[in-house]
A.B. asks: 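Below is one structure. I have some questions about it.
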Amino acid sequence: DDEDATATSGGGDAAALSGNIVIDGSSTVAPLTSAAAEDFAADNGDVNITVGTSGTGGGFERFCRGETDISNASRAIEDDEVAACEEGGVAYEELRVASDGITIVTSSNADVGGTDITSAQLKAIWGPKSTIKNWSDIPGGDFNDVPLALAGPDSQSGTYDFFNEEILGED
């Protein structure tokens with residue numbers, strides 16, 4: 001049974017904390033949360049903290065069902081998630097603890113020929129109707145004839161949401 005951490009009388013002037021705290025969500029935020037949880041647990045040994053990484057969307061799903069105490073997110077809560085929390089009777093407060101950046105990287109083994117890529121080129125590469133399979137096919141670029149394979153986070157990730165919104169301009 002996951003009871004929230006509560007203060008109990010500890011025999012001295014300081015109250016001792018005990019219980020469970022369940023956190024889930026963004027894999028981007030998880031390292032910060034894990035470090036904070038370790039520091040907190042070092043001072044409060046009777047508190048059990050678990051940190052999961054089901055992605056921003058997955059974390060909000062669990063949070064709005066009342067399964068977690070804290071939801072890590074790498075983006076703001078969306079309207080459908082607000083509605084789910086309201087429906088689930090879950091009140092919340094958003095707190096920004098950090099901002100992250102997205103980096104586009106290539107394999108060090110691939111001589112793609114260029115070092116700069118524009119947002120318009122990223123949109124051409126990642127767009128849902130893109131047929132670009134080679135660096136040399138990127139419009140407006142001077143890239144080498146090297147096969148292009150894409151990899152990125154799945155749709156549960158806030159990074160995925162942010163990239164789609166900022167680069168592709170769509171959901």
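On a predicted model such as this, the values are computed, not experimentally measured, just so you know.
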A.B. asks: Check A124 against P139 and note the closest heavy-atom contact, atom names and distance.
C.D. replies: CB-CG, 3.9 Å
A.B. asks: Check A37 against V51 and note the closest heavy-atom contact, atom names and distance.
C.D. replies: CB-CG2, 4.3 Å
A.B. asks: Identify, with sequence neighbours excluded, every residue that meets side chain to side chain donor-acceptor pair (under 3.5 Å) alongside T33.
C.D. replies: N72
A.B. asks: For T53 and A30, which heavy atoms make the closest approach, and how far apart are they?
C.D. replies: CG2-CB, 3.4 Å
A.B. asks: Which residues, ordered by chain and number, are linked to Y160 in its hydrophobic cluster, where ILVMFWY side chains connect at heavy-atom gaps below 4.5 Å, directly or through other members?
C.D. replies: none
A.B. asks: Side-chain polar contacts of residues 56-63 - donor-acceptor pairs under 3.5 angstrom, sequence neighbours left out - could you list them?
C.D. replies:
residue	atom	partner	partner atom	Å
T56	OG1	S74	N	3.1
T56	OG1	S74	OG	3.2
T56	OG1	G158	N	3.4
R62	NE	E67	OE1	3.1
R62	NH1	D24	OD2	2.9

A.B. asks: For residues 83-99, dump all side-chain donor-acceptor pairs below 3.5 Å to protein atoms at least two apart in sequence or in another chain.
C.D. replies:
residue	atom	partner	partner atom	Å
E94	OE2	I77	N	3.3

A.B. asks: Nearest 0.5 angstrom please: I21 CD1 to T68 OG1, how far?
C.D. replies: 12.0 Å
A.B. asks: State yes or no: do I49 and L17 share one hydrophobic cluster built from I, L, V, M, F, W and Y residues joined by side-chain heavy-atom distances below 4.5 Å, directly or via other members?
C.D. replies: yes
A.B. asks: Suppose clustering is done on Ile, Leu, Val, Met, Phe, Trp and Tyr with side-chain heavy atoms closer than 4.5 Å. Which residues sit in the same group as I117?
C.D. replies: I102, I104, V112, L122, I125, W126, I132, W135, I138, F143, V146, L148, L150, F162, F163, I167, L168
A.B. asks: Which residue pairs satisfy the disulfide (SG to SG under 2.5 Å) criterion with at least one member in residues 29-58, sequence neighbours excluded?
C.D. replies: none
A.B. asks: Evaluate whether atom CG of D142 has more than 12 neighbouring non-hydrogen atoms of other residues, nucleotides or ligands under 6.0 angstrom away.
C.D. replies: no
A.B. asks: Taking all non-hydrogen atoms of both residues, which atom of E81 and which atom of C64 are closest, and how far apart?
C.D. replies: O-SG, 3.3 Å
